[in-house]
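Worksheet: the structure to be examined is printed underneath.
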Amino acid sequence: MCGIIGYVGDKQASDVIIAGLKLLEYRGYDSAGIAVSNKGKIKVAKKEGRIVNLENHLKEEPLLGNLAIGHTRWATHGKPNDANAHPFIGNKRKYAVVHNGIIENYLEIKEELMSEGVKFSSKTDSEVIVHLLEYLDNGDPIATILKAVKKLKGAFALGIIHAETPNTIFAAKRDNPLIVGCAGGEGYICSDINSLPQSLKKVIVLDNKQFAVVKKNSVELYNFLGKPLDKNYVELSPEEWGDLKGYECYMDKEICEIPDALTRAIKNYRENKSFEKIDKDYLKSLRRINIVGCGTALHAGLYGEKLIKKYLPDIDVYSEMASEFRYNPVKVDEKTLTITISQSGETADTLVCQKMVSELGGKTLTICNVPTSSMVYYADYNLQLCAGKEVAVASTKAYNTQDLVFAMFIFDLALLRGSISQAEYDNLMKEIDALPKKAQEAIDVRGEIEAFSNKNFRKKSVFYLGRGIDYCVAMEGSLKLKEISYIHCEAYAAGELKHGTLALIEKDVIAIALLTDYDMVDKMYSSLAEVRTRGASIMVITPFADEMKLKEISDYLIEIPKVHKDLSAVVSVIPTQLISYYIARAKGCDIDKPRNLAKSVTVE
Ligand code: AGP
């Protein structure tokens, strides 16, 4: 986790770093810090909590200079406090370091350095890096850093400054994202391509085991053996995401962007010929698909699993959360495809699985929102979401596009393998084309959801219920509610309730049922009757709002547009996203930055 940034140029570096850290705050917000180098001296300031604490501190005690590195932290090793905040500075004050990642052998290195008399001031794994640099220092920072990175086990994106090397940032990467660039007399390093100024126009996305020396007017690139490398530039997209454009928060903005995101995803999938780029003979030979993801992305995977079972009956499908997938025996052969799903493309749990499958010789396809991410880079094939930048920690529009793109891939595969006819395929495509408009209609009922939320935000317990695809959406709705409103919430397959969980249903509990498959109306009615009898209030989210049974059983009925039942998830999830948003708002929660979480989880 964590975000790192570095600047060298003519501006006051602390102003640039604070602005950049604000854009990186989604990666963690337990503490923030800065190290500024000026006239051969490095000074450090760090503060527990949000960037604004550091910003206020710098107003009182400015750090002047044109070269700096900064960090925003999501705590892993060591409590979130000032001492454990980055940057770390060596005892000789020669080097300062910011780190994103985990140093797996830090205890070993720490012990070795302590036996040499080195003093430590934090409980973090990262601090060993700076002391190791000073311990190995031979006066040549490049040689010293290259020596140090070889000793580090684990993952890192590093930003380093050296007191005796003016106007220079050193950057090194293994397994965590790191981007560098320079233009117009300014050099940058950063964890995220979208947190860099558009003025850079083009940047270098560092590959594994690469090292960069960034100055105002130049970038040099090396491998960890010190061999100079050619630079491959990536154009910065003109996407503007630091702006709320009048919305109250990013989650609200991103929910409202769902129809446009869907339109873009459909257009890109077709125009970019995403499916055509995958080897046809291999796709025809497939016998098994593994699906891997975390959180919201996993829920999109579970939806895809249901579609594969229906549309590709001769393919065995196995989906698993990434943090478990890697510990189970994995079947990978030439007839298996492993699909990773991720908004960021950097989630460590998922990335590790993707790499594991590649190492076992299996083919991988990633469904991902960030084209410059590690998952896209390492996968054999990729399908882009084109959802646009997602800033809120709670994932919304990425989920809608993950469902959509996964469904488009499955329908193409089914047509290729002959398990659906051209007419069935054409009909599904028509249904897909209608999704952006229907998503907008689902957003338009937000007033009713706001009223429901304002009435019920004090509830202690909520249950989401569904069957089939609706159950997958129930899981996503439940995660979202827990994540940003801190209300206990469970998702249950409606039929399973009576096998134990019904014991928890009582007055003051709310059950929210998703019902998009008409064939399930009677069955769902029975499940809801069991809930009603125990005193819970009921909300039903359905396109069948005219059904007498549903009117009779529910306290709140949210009508959503009718969508092909196999594509329903793309739209039916919207009221659940809005429920969590409005409940969190009514409770006064920090919607975009929920406690204990971060947007991009780059540690296992
Ligand atoms: C969703 O609201 C969460 N913030 C989280 O579950 C997220 O989906 C998960 O961490 C996976 O992230 P990814 O899509 O970037 O891989």
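These numbers come from the heavy atoms of this one structure, side chains and all, not from hydrogens, waters or symmetry mates. Order of listing sets the numbers, starting from 1, for every ligand and every atom in it.
Salt bridge status for Glu48 with Lys79: absent, with no side-chain N to carboxylate O gap under 4.0 Å.
To the nearest 0.5 angstrom, Leu302 atom CG is 9.5 Å from Glu320 atom CD. Expressed to the nearest 0.5 Å, how far CD of Gln440 lies from CD1 of Ile574 amounts to 8.5 Å.
For the residue pair Ala155 and His99, the shortest heavy atom distance occurs at O-NE2, 3.3 Å. Between Leu24 and Ile4 the shortest heavy-atom distance is CD1-O, 3.5 Å.
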Please evaluate residues Glu390 and Leu385 with respect to the criterion side-chain contact (heavy atoms from CB on, under 4.5 Å), reporting the C-alpha separation (whole Å), side-chain torsions for both, the decisive distance (0.1 Å), and the verdict. CA-CA 11 Å; Glu390 209 180 54; Leu385 296 178; over 6 Å; no
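For ligand 1, residues of the protein lying within 4.0 angstrom by heavy-atom distance are Cys294, Gly295, Thr296, Ala297, Ser342, Gln343, Ser344, Thr347, Val393, Ala394, Ser395, Leu479, Lys480, Glu483.
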